[in-house]
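Working notes, structure below.
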Amino acid sequence: MAAETLTLAKALNNGLRKAMEDDPKVVLMGEDIGKLGGVFRITDGLQKDFGENRVIDTPLAESGIVGTAIGLAIRGYRPVVEIQFDGFVYPAYDQIVSQLAKMHYRSRGKLKLPVVIRIPFGGGIGAVEHHSESPEAYFAHTAGLKVVSCSNPADAYWMIQEAIASDDPIVFMEPKRRYYEKASVDLSVKPGSLFTSAVLREGSDATIVAYGPMVKVALESAAAAEEDGRSIEVIDMRSLSPVDYAPIFASVRKTGRLVVVHEASKNLGIGAEVSARVTEECFYSLEAPVQRVTGYDIPYPASRVEEEFLPDLDRVLDAVDKSFGW
Amino acid sequence: MNPLELYRVVRLIRRFEERAIELVRSGEIVGGIHPYIGQEAIAAGVCGALRTDDIITSTHRGHGHVLAKGADPVRMMAELAGRVTGLNKGRGGSMHAADFGLGIFGANGIVGAGGAIAAGAAWARRYQGGDQVAVSFFGDGAVSQGVLLEAFNLAGLWNVPVIFVCENNGYATTMPVEGGVAGTILGRGEAFGMPSVQVDGMDPAVVYEAAAEAVARARAGEGPSLIECMTYRFDAHHTFEHKARLNYRSEEELATGRSRDPLDIAGARLSTEDREAADAAIEELLAEAVRFACASPKPDPADAMDHLYATGLRARTGASA
């Protein structure tokens with residue numbers, strides 16, 4: 001198959017379509033996903049082609065939607081739930097954390113729950129709290145759940161299919177500010193498997209680890225740093241739980257410097273865990289303490305000031321400088 | 001209720017929303033709004049039956065409620081534009097505007113979330129021996145949310161002076177009511193033992209009558225009520241729809257829905273002179289609101305950490321380290 005240009009949104013749409021074609025047990029559920037095709041149009045056209053029984057427009061009831069998805073999964077379906085905005089997942093938190101995450105373990109493997117919870121997450125679209133949040137750490141903290149995030153169209157296409165095919169419950173974080181950014185991708189070439197991190201740019205002087213919407217910022221920062229004569233390696237985590245640490249450790253052992261970037265607040269975020277693990281495993285390789293560039297420890301701010309909140313190229317490069325200045 | 005006052009509130013909300021949409025288009029309001037156009041009679045009628053010391057909780061489509069409850073339109077516009085002179089110093093914006101001194105406990109980005117908050121606020125007042133009531137506005141989409149039904153139950157159980165006002169505009173974003181609501185909305189109220197009525201939500205006088213009755217019951221210690229106001233949203237779910245044509249409502253349906261306009265219904269009860277005088281005063285007020293909002297300073301990100309904790313303790317300084 002030749003390379004084609006498509007958006008991350010369309011890549012997800014293609015991936016969902018493929019998963020539905022491959023397995024008649026795959027059903028989609030969510031608010032406004034059928035007739036409308038989702039507020040971000042990720043499910044555009046799918047209800048028309050697969051019918052109302054497989055692309056289900058639900059009432060506004062996230063807890064009920066996820067609970068129903070669990071019931072469907074117990075009876076052999078593979079439900080894919082769309083949470084309309086990140087902040088809307090909290091009403092479903094109990095079902096996800098207390099039920100979905102624990103039933104396989106509790107039943108000693110008897111119950112498999114192949115449920116995917118798709119969450120458009122993060123800011124940068126002029127929305128506010130409830131519509132711009134990064135709740136991934138809540139779910140990554142919960143044993144029994146897997147949490148992944150795509151950063152580009154090719155990964156989106158493959159990762160959503162792998163997530164649906166997986167027998168475990170997966171929280172699938174989608175970088176909403178990147179939905180409509182295009183890339184040339186060859187969908188016939190499968191990237192690394194779902195739970196692997198990927199080295200997107202090789203470098204020798206420092207490592208930047210990011211995921212989801214911040215991967216683009218990390219790559220732009222590495223390109224800018226190159227102009228300053230610094231060679232930066234960029235790693236896309238892709239899976240936030242479990243984390244594929246081997247490429248991260250290998251990179252830090254090579255570069256000696258690590259900057260972790262995410263939109264979520266710093267306190268107890270994914271960056272805290274990566275920092276701790278790298279410190280445990282690569283202590284003698286580190287030339288400087290691990291730097292974290294994150295959202296601030298405040299509620300997501302009003303639209304007018306969100307650019308101040310979100311990590312950007314300048315803040316990432318400042319962290320790189322700090323690492324070199326140690 | 002004075003017809004002029006009801007008209008004035010409907011007109012104020014209508015023109016406020018239209019001016020706000022202009023500011024969305026010019027970029028002064030970042031992130032867009034959920035316009036209340038078409039539903040003004042509900043806010044006007046319900047808030048007309050309330051006192052300043054009564055409480056409301058509102059929705060993502062909350063400008064009408066906030067204005068009808070008495071918030072200053074000038075500072076409200078500044079809030080939408082994210083300016084430091086706004087009701088919440090620009091840190092709430094369209095979906096989180098509030099004025100606690102006027103009992104406006106805030107618009108809310110989470111559908112159905114205000115129901116329990118209103119019930120709690122009303123319950124507290126009952127404990128304190130006052131006769132204040134609380135109103136929770138919500139849409140037809142919210143009746144599918146568990147928390148709202150939990151609030152119905154608690155309010156009924158504890159005889160809480162709260163009035164649940166459902167604005168049934170036919171759609172939860174793009175989902176038609178018949179696709180999202182099993183049974184009836186009134187039936188939900190009745191199931192929890194609440195007096196429940198369905199009224200014409202396009203006529204502010206009709207809404208007022210129903211609200212006044214429910215408020216009187218609540219003040220007298222006779223517990224919660226449900227009012228389902230049948231209405232129609234004339235404009236978009238959110239201003240993003242002005243660019244993205246979602247096509248979930250036909251042109252015919254829109255024309256029918258807009259044919260009964262609360263502005264016309266309320267205006268027909270006034271003399272031409274009264275109506276024109278009210279219109280002129282509102283235009284002047286909103287011109288000032290837009291001028292004030294656009295001229296006001298934007299927030300300083302340096303104070304982002306302020307007010308994180310009531311005790312004044314500053315937490316971690318975030319990612320700048």
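In terms of heavy-atom pairs under 4.5 angstrom with chain A, the leader among B:Leu148, B:Val111, B:Asn108, B:Ile110 is B:Ile110. Among B:Asp300, B:Val143, B:Thr174, B:Ile29, the residue making the largest number of heavy-atom pairs under 4.5 Å with chain A is B:Thr174. Each of B:Gly179, B:Gly109, B:Ala142, B:Gly112 has some count of heavy-atom pairs under 4.5 Å with chain A, and the biggest count is that of B:Gly109. The candidate from A:Thr58, A:Leu36, A:Ile125, A:Val305 with the greatest count of non-hydrogen atom pairs under 4.5 Å with chain B is A:Leu36. Highest contact tally toward chain B, considering only A:Glu129, A:Gln84, A:Glu62, is held by A:Glu129 [criterion: heavy-atom pairs under 4.5 Å]. The residue among B:Asn88, B:Val181, B:Thr173 with the most heavy atom pairs within less than 4.5 Å of chain A is B:Thr173. The greatest number of non-hydrogen atom pairs below 4.5 Å with chain B, out of A:Glu31, A:Glu306, A:His131, is found for A:His131.
Crowding of A:Glu52 atom CD: a count of heavy atoms from other residues, nucleotides or ligands under 6.0 Å not exceeding 12. By the neighbour-count criterion of 12 heavy atoms within 6.0 Å, atom OH of A:Tyr138 is sparsely surrounded, having that number or fewer from other residues, nucleotides or ligands. Remark: B:His242 NE2 is packed, more than 12 non-hydrogen atoms of other residues, nucleotides or ligands lying under 6.0 Å away. Few gaps surround CD on B:Glu178; more than 12 heavy atoms of other groups in view lie less than 6.0 Å from it.
A:Arg304 CZ to B:Leu80 CG: the interatomic distance, rounded to the nearest 0.5 Å, is 11.0 Å.
Residues B:Gly31 and A:Ser303 share a closest heavy-atom pair of CA-OG, 4.2 Å. Here the shortest heavy-atom pairing between B:Ser144 and A:Ala61 reads O-CB, 3.0 Å. In terms of heavy atoms, A:Ile298 sits closest to B:Ala304 at CG2-O, 3.7 Å.
Taking 4.5 Å as the limit, some side-chain heavy atom of A:Arg41 sits within range of a side-chain heavy atom of B:Leu246.
Taking the six-membered ring where the residue is Trp, the centroids of B:His96 and A:His130 are separated by under 6.0 Å.
For B:Glu241, no part sits under 4.5 Å from any heavy atom of chain A, backbone or side chain. Contacts of B:Met175 with chain A are made by both backbone and side-chain atoms, with heavy-atom separations under 4.5 Å.
Remark: the backbone N or O of A:Ala302 is not paired with any side-chain donor or acceptor of B:Arg91 at under 3.5 angstrom.
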